[in-house]
Every structure is written in C-alpha cells, then in structure tokens.
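Keep in mind the model is a prediction, meaning the values are calculated, not measured. Each chain gets a letter, A, B and so on, in the order the sequences are listed, and its residues count up from 1.
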Protein chains: 2
Amino acid sequence: MYNGENMTLLDEKQANQLAELFSALSDPSRVRIIATLLEGETNVGALAKIVGISESAISHQLRTLRQMRLVRARRQGREVYYVLDDAHVADIFQRSLDHIKHK
Amino acid sequence: MYNGENMTLLDEKQANQLAELFSALSDPSRVRIIATLLEGETNVGALAKIVGISESAISHQLRTLRQMRLVRARRQGREVYYVLDDAHVADIFQRSLDHIKHK
DNA sequence: CAAACACATGAGCTACTGCTCAAGTATTCA
DNA sequence: TGAATACTTGAGCAGTAGCTCATGTGTTTG
C-alpha cells in the first residue's frame, strides 16, 4: 500500500482539501454567517447587521464561501440573497455547533 | 430574545469557540496528524515521518492540539505517544473526510 | 556520569488572512 | 436620466500562523 513519500491513509491532495474545508469554517465572522444562513436565506445587508461587520467585509467573506460552493447567491432587485449550498457541510456544522453548546 | 448587539442564535463566545475548533483542523499538517491518530496511538518521530515535516514542527502542532484537548500524550521511556482525546471531534473529522472522499 | 536519543520550547522570519477604504457595477425610482 | 441604494471588488495594512534553527528537558545506556 505504497503511496509516495508517506503512509497516511489520506494523500496530500485529500489532506489539503480537508484543511481547506475547515479553513472555510475557521473564522468567527464566517461561523456567524453560516449559523444565520442555517435559519434561511438572507441578504447581504441583513448579514452585515447580524454579524456586526461592514457590508464590504461580509461581501469578501461570502466570496470565499461562494468559491468553495458552500453558499449560493440569488439576486432579487438590488438585493442579493444567500443560501447554504452544501447540505453535508451544513450537517457537519450543525453537529459541531451542538458539540460546542453541550459542554 | 435580546442578546446584545446581534440577533444570531449563537452568541459571540460560541462563534469564537466554533471557529477555534475548526481552526484546529484547518491545516494540512494537523489534518494528517489527526488522520494518522484515527488509526491509533503514535509517537512523535513516527508522526514526523508519516506527515513529512520535522519533529519540531510536529511538536509545535501537537502542542496546539493538546491545548485544545483534542489529543492526549503518554510518555513511555523516551518516546511520547499521542492519542485522540475527543470522540465527538474524531467523529466530525471522519464525516468530513468521507465528504471529501466522495466527490 | 557523560553521551546519545526523543521530544519540547522560544525567537524570529515569511506568508497568509480579514479588515478598511475607495472605487466600480447593477438595479430602482423620482 | 440622474441620484440613491445594494452589493462587489482591488489595494493595502495589521495581526496571525507555521515553519526553521538553536537550545532546553527528560530518559536510557555505555
């Protein structure tokens, strides 16, 4: 079961992907964005107020979440509504949240 | 249900804790350390070879994992063996790994 | 006890991250 | 059509993270 330079069950690519996924969830602002979106579709301005940072900052964060396909955008008039776009990650997030809450 | 400056279901402290948890898993080296420990107890030298970074680097990473109580150390002679010390986080990690693998 | 081995730790350097600020795009409405 | 609203984006800056290198601690062995 030789896989190059190491003997881990996961290769370098998988390790990087996994780290990248957790990185997406590793910032308090993004955590709050996702927690909010768990409740349902929300637009940028509302997210800014709820999370407590500028719209610009929210927009930058949503960009990374979008690039990772964790959220999806829908424009309605001049507002842009975001939804979670990865049920499995949402599930992982919810489980982790429960973990934090119960101790 | 007023909780200060925002209306999120999770307060600032919980958001920080959750972000901190994901931060612990957000680096490829730590991901590989944890993946290795999922297979069982491992000492520092072995981890260094498997992960492919120096023993010093491994030691630094284990320190943060230790401080977060995700791993636990046991000295045996001059070697130090590490084990995962949080079943729930191990479960979350495993689920996330499966998520990455299946797509 | 001295030397060798296994690991831990502190300092410091580079790379990255999340913010602000200024400017740009898209949409509505007077 | 032009101003206002809602969001996006790029540049730049301060704080953080992960590494190396040197040194320190704990343990075994000659």
Atom [atom1] of [X] and atom [atom2] of [N]: how far apart are they, to the nearest Å?
X: A:Asn43; N: C:dT28; atom1: CG; atom2: C1'; result: 15 Å
X: B:Ile33; N: D:dA17; atom1: CD1; atom2: C1'; result: 14 Å
X: A:Phe22; N: D:dG18; atom1: CZ; atom2: C1'; result: 19 Å
X: B:Leu25; N: D:dA17; atom1: CG; atom2: P; result: 14 Å
X: A:Asn16; N: C:dC16; atom1: CG; atom2: C1'; result: 15 Å
X: A:Asp27; N: C:dC16; atom1: CG; atom2: P; result: 18 Å
X: B:Glu20; N: C:dT17; atom1: CD; atom2: C1'; result: 17 Å
X: A:Ile53; N: D:dT8; atom1: CD1; atom2: P; result: 13 Å

Report yes if the side chains of [X] and [Y] come closer than 4.5 Å at any heavy-atom pair, otherwise no.
X: A:Leu25; Y: B:Leu25; value: no
X: B:Leu21; Y: B:Gln17; value: no
X: B:Leu62; Y: B:Leu47; value: yes
X: B:Leu10; Y: A:Val31; value: yes
X: B:Leu84; Y: B:Val89; value: no
X: A:Arg30; Y: A:Thr64; value: yes
X: B:Glu79; Y: B:Gln76; value: no

With a 4.0 Å heavy-atom cut-off, tell me which residues in residues 55-66 of chain A come close to DNA chain C, sorted by residue number.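 Of all residues in residues 55-66 of chain A, the ones placing a heavy atom under 4.0 Å from DNA chain C are A:Ser56, A:Ala57, A:His60, A:Gln61.
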
Let's see if you get this right: which residues in residues 74-82 of chain A place a heavy atom under 4.0 Å from DNA chain C?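 Within this stretch, A:Arg75, A:Gly77, A:Arg78 sit under 4.0 Å of the strand.
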
Can you list the residues that meet the side-chain hydrogen bond (donor to acceptor under 3.5 Å, both in side chains) rule with A:Arg78, with sequence neighbours excluded?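 None.
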
So does B:Ser29 get a side-chain nitrogen or oxygen closer than 4.0 Å to the phosphate oxygens (OP1/OP2) of D:dC19?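 The answer is yes; a side-chain N or O of B:Ser29 sits under 4.0 Å from OP1 or OP2.
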
Please work out whether the ring planes of A:His99 and B:His88 are parallel, tilted or perpendicular, with thresholds of 30° and 60°.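 Answer is perpendicular, since the angle exceeds 60°.
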
